Amino acid sequence: MLRVWGKEFKDNRMLRDFVAENEVEDTYTNRVLSCLEEICVEFDLSKPVWFEKNIRDFQRASKTRFTADNFIDSIDFDYLELQVIEE
């Protein structure tokens, strides 16, 4: 089972969080993207764009941050943090 923790932060304070779970037998990437989609639905956000920095951070630490630059729509928080908490 893959569990991904999504957290919204503003002024270094967590506004809200949600843990998405995925038990489907699929590639690791597809499972992470599925969890991200579930988190975005829960938070009523458009899906963020993955930049090279996000991919490198995620590969290195299983964690990344999406700032306003990653979203097409405007956001009312500083960043969305995505972290794998269980594989």
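The model shown is predicted, which means the values in this text are computed figures rather than measured ones. When a residue number appears, it is its place in the shown sequence, counting from 1.
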In Å and rounded to the nearest 0.5 Å, what is the [atom1] to [atom2] distance from [X] to [Y]?
{"X": "Phe43", "Y": "Ile75", "atom1": "CZ", "atom2": "CD1", "answer": "12.0 Å"}
{"X": "Phe66", "Y": "Asp57", "atom1": "CZ", "atom2": "CG", "answer": "9.5 Å"}
{"X": "Ser46", "Y": "Ile72", "atom1": "OG", "atom2": "CD1", "answer": "6.0 Å"}
{"X": "Met1", "Y": "Arg31", "atom1": "CE", "atom2": "CZ", "answer": "10.0 Å"}
{"X": "Cys40", "Y": "Leu80", "atom1": "SG", "atom2": "CG", "answer": "6.5 Å"}
{"X": "Leu33", "Y": "Glu37", "atom1": "CG", "atom2": "CD", "answer": "8.5 Å"}

With the 4.5 Å side-chain cut-off for hydrophobic clustering, are [X] and [Y] part of the same group?
{"X": "Phe51", "Y": "Tyr79", "result": "no"}
{"X": "Phe18", "Y": "Met14", "result": "no"}
{"X": "Ile39", "Y": "Leu15", "result": "yes"}
{"X": "Ile55", "Y": "Tyr28", "result": "yes"}

Would you give me the side-chain donor-acceptor pairs under 3.5 Å for residues 2-9, sequence neighbours excluded?
{"residue": "Arg3", "atom": "NE", "partner": "Glu21", "partner atom": "OE2", "Å": "3.4"}
{"residue": "Arg3", "atom": "NH1", "partner": "Glu86", "partner atom": "OE1", "Å": "3.4"}
{"residue": "Trp5", "atom": "NE1", "partner": "Asp17", "partner atom": "OD2", "Å": "2.9"}
{"residue": "Lys7", "atom": "NZ", "partner": "Glu81", "partner atom": "OE2", "Å": "2.8"}
{"residue": "Lys7", "atom": "NZ", "partner": "Gln83", "partner atom": "OE1", "Å": "3.2"}
{"residue": "Glu8", "atom": "OE1", "partner": "Arg16", "partner atom": "NE", "Å": "3.0"}
{"residue": "Glu8", "atom": "OE2", "partner": "Arg16", "partner atom": "NE", "Å": "3.4"}
{"residue": "Glu8", "atom": "OE2", "partner": "Arg16", "partner atom": "NH2", "Å": "3.1"}

- Task: Would you mind reporting whether Thr29 and Phe58 have side-chain heavy atoms less than 4.5 Å apart?
- Result: no
- Message: Tell me every residue that passes ring-ring contact (aromatic ring centres under 6.0 Å, His included) with Phe77, counting only those two or more places apart in sequence or in another chain.
- Response: none
Side chain of [X], backbone of [Y]: donor and acceptor closer than 3.5 Å?
{"X": "Asn54", "Y": "Thr64", "value": "no"}
{"X": "Asn70", "Y": "Thr67", "value": "yes"}
{"X": "Asp78", "Y": "Asp11", "value": "yes"}

- Who are the side chain to side chain donor-acceptor pair (under 3.5 Å) partners of Lys63, not counting sequence neighbours? none
